[in-house]
Amino acid sequence: MTEISEVAERVAARRAELDAEEEVLVKRLEEVRSEREELAVAERVWERMRAQLDAEESSSQAVAAQVGGRGVLLVPTRESGMSVEALPPDYQRLMKIVQDAGGPVRVKDVGAELGLDVEVKGRLEPLRGKLSKLAGRGWLRKLPDGSFTGRL
């Protein structure tokens, strides 16, 4: 009879050990699943960011253009009689926004018109570069306060 009670005690002790181990494993499994969910979210965010960066990069990269074997500027220096049509499409859009403003326009305003997140620090710097390039090549005028206006 003592042997039966001894076996029952051993079974009960082993069951308690297994219950404790199961509890630890269930907790660890929950942690792993939670981390996998966080990774899935991070991957989705990364994919969106990469798509945005690729889109920005492709629109801001100058396409290599050659005429007669020589490189030419895709944003040409403005000469008399030259139309806005001589500019690449994204620069034409910037020119239209500045001209439609009817007066000096800040980079932040142009960014808002383009749908950029103007509150994020550094988001407007590529846009500021494009507007400055247009000003440097005679298409726009850059005012001392940093705003831009169309040339008359």
Side-chain angles (χ1 to χ4, degrees), residues 1-66 69-76 84-137 139-150:
M1 186 89 168
T2 56
E3 290 178 15
I4 293 177
S5 63
E6 191 177 302
V7 170
E9 283 179 22
R10 285 185 180 174
V11 167
R14 182 64 181 148
R15 179 164 301 182
E17 288 175 8
L18 291 175
D19 287 346
E21 190 173 334
E22 180 184 30
E23 199 174 295
V24 168
L25 290 173
V26 166
K27 184 177 179 182
R28 179 67 182 131
L29 181 59
E30 289 173 1
E31 291 171 356
V32 167
R33 286 182 176 158
S34 175
E35 187 173 344
R36 287 183 76 157
E37 288 174 10
E38 290 174 4
L39 284 174
V41 169
E43 285 176 329
R44 286 193 300 268
V45 168
W46 169 246
E47 288 297 323
R48 282 190 214 130
M49 288 175 52
R50 190 175 67 185
Q52 286 177 342
L53 291 172
D54 289 346
E56 288 175 9
E57 186 175 300
S58 67
S59 70
S60 66
Q61 277 184 342
V63 178
Q66 290 192 350
R70 296 182 53 194
V72 295
L73 298 174
L74 290 182
V75 178
V84 175
E85 302 297 320
L87 296 170
D90 51 339
Y91 284 90
Q92 289 178 26
R93 186 169 179 204
L94 296 177
M95 290 292 296
K96 180 167 177 21
I97 291 169
V98 172
Q99 289 170 349
D100 289 350
V105 63
R106 299 177 309 160
V107 175
K108 190 174 189 177
D109 299 330
V110 176
E113 184 71 25
L114 292 171
L116 297 176
D117 188 356
V118 297
E119 299 303 320
V120 175
K121 187 174 185 171
R123 177 67 67 181
L124 297 176
E125 291 311 309
L127 178 58
R128 186 181 320 280
K130 287 181 177 183
L131 291 170
S132 294
K133 182 182 285 187
L134 287 169
R137 303 228 172 116
W139 292 94
L140 295 176
R141 216 172 92 214
K142 186 173 185 178
L143 302 177
D145 66 355
S147 60
F148 294 87
T149 186

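Counting begins at 1 with the first residue of the sequence.
Nearest heavy-atom pair across Pro88 and Val75 is CD-CG2, 4.2 Å. For the pair Val107 and Leu127, the tightest heavy-atom approach, listed with the atom from each and the gap, is O-CD2, 3.7 Å. The heavy-atom pair separating Gln99 from Val84 by the smallest distance is NE2-CG2, 4.3 Å. Among all heavy-atom pairs drawn from Leu94 and Lys130, the shortest one is CD1-CB, 3.7 Å. When every heavy atom of Ala86 is checked against every heavy atom of Pro76, the shortest pair comes out as O-CD, 4.0 Å.
Taking CG of Leu87 as the start and NZ of Lys133 as the end, the distance is 11.0 Å to the nearest 0.5 Å. We find the CG-CE distance between Leu131 and Met95 to be 10.0 Å, quoted to the nearest 0.5 Å.
By the salt bridge (charged side-chain N to carboxylate O under 4.0 Å, His left out) test, Arg44 pairs with no residue at all, sequence neighbours left out.
Checking side-chain atoms of Ser132 against main-chain N and O of Arg128 turns up a donor-acceptor pair under 3.5 Å.
Of the charged side-chain nitrogens involved, none lies within less than 4.0 Å of a carboxylate oxygen, so that Lys27 and Glu30 do not count as a salt-bridged pair.
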List the atom pairs, with distances to 0.1 Å, where a side-chain N or O of residues 10-23 and a protein N or O form a donor-acceptor pair under 3.5 Å, not counting sequence neighbours.
{"residue": "Arg10", "atom": "NH2", "partner": "Glu6", "partner atom": "OE2", "Å": "3.4"}
{"residue": "Arg14", "atom": "NH1", "partner": "Glu17", "partner atom": "OE1", "Å": "3.0"}

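Side-chain contact between Leu114 and Arg93 is present, with heavy atoms from C-beta onward closer than 4.5 Å.
A salt bridge (charged side-chain N to carboxylate O under 4.0 Å, His left out) check over residues 96-114, counting only residues at least two apart or in different chains, returns the pairs Lys96-Asp100, Arg106-Asp109, Lys108-Glu119.
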Show your working on side-chain contact (heavy atoms from CB on, under 4.5 Å) between Arg28 and Val32 and close with a plain yes or no.
CA-CA 6 Å; Arg28 179 67 182 131; Val32 167; 3.8 Å; yes
